[in-house]
Amino acid sequence: MHGFYWDWGHGPFWGGGFFMIIFWICVIFVIVFALKNMFKGEHKPETALDILKKRYAAGEISKEEFEQMKKNILS
């Protein structure tokens with residue numbers, strides 16, 4: 001009779017089944033790690049103008065200060 005049997009090395013979590021689970025966990029880990037590292041370097045750094053806009057939006061500087069600093073950055 002061919003079918004599912006439960007002996008050491010052939011059960012659902014011993015031998016083949018256990019190592020198959022470990023194998024797929026490793027494969028998924030490697031894929032996630034590779035994708036994470038591929039896209040890590042694509043974030044462009046903030047420019048001075050970006051920082052200035054954030055400060056103005058947060059209310060740290062007035063409109064006049066924003067315009068003056070923007071003029072200084074762009075010239």
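What's counted below: heavy atoms across the whole structure, side chains too, no hydrogens, waters or symmetry copies. These figures come from a predicted structure and were not determined experimentally.
By the criterion of side-chain heavy atoms lying less than 4.5 angstrom apart, applied directly or through intervening Ile, Leu, Val, Met, Phe, Trp or Tyr residues, Met38 is not grouped with Phe29; the two fall into different hydrophobic clusters.
Contact check for Ile51 versus Thr47: no side-chain heavy atoms found under the 4.5 Å cut-off. A 4.5 Å side-chain heavy-atom check between Trp24 and Val27 finds at least one atom pair inside the cut-off.
Glu60 is linked by a salt bridge (charged side-chain N to carboxylate O under 4.0 Å, His left out) to Arg55, counting only residues two or more places apart in sequence or in another chain. For Lys54, the salt bridge (charged side-chain N to carboxylate O under 4.0 Å, His left out) partners at least two apart in sequence or on another chain are Glu46. Contacts of Glu67 classified as side chain to side chain donor-acceptor pair (under 3.5 Å), with partners at least two apart in sequence or in another chain: none. By the side chain to side chain donor-acceptor pair (under 3.5 Å) test, Ser75 pairs with no residue at all, sequence neighbours left out. With sequence neighbours excluded, the residues satisfying side chain to side chain contact (heavy atoms under 4.5 Å, CB included) with Val32 are Ile28.
Applying the ring pair (Phe, Tyr, Trp, His ring centres under 6.0 Å) test to pairs two or more places apart or on separate chains, those with a residue in residues 44-64 are Tyr56-Phe66.
For Leu52 against Lys70, the heavy-atom pair with the smallest separation is CD2-N, 3.4 Å.
Judged by distance alone, with hydrogens and angles left aside, the side-chain atoms of Asn37 form no donor-acceptor pair with the main-chain N or O of Ala34 at under 3.5 Å. Not one N or O on the side chain of Gln68 forms a donor-acceptor pair closer than 3.5 Å with the backbone of Glu65.
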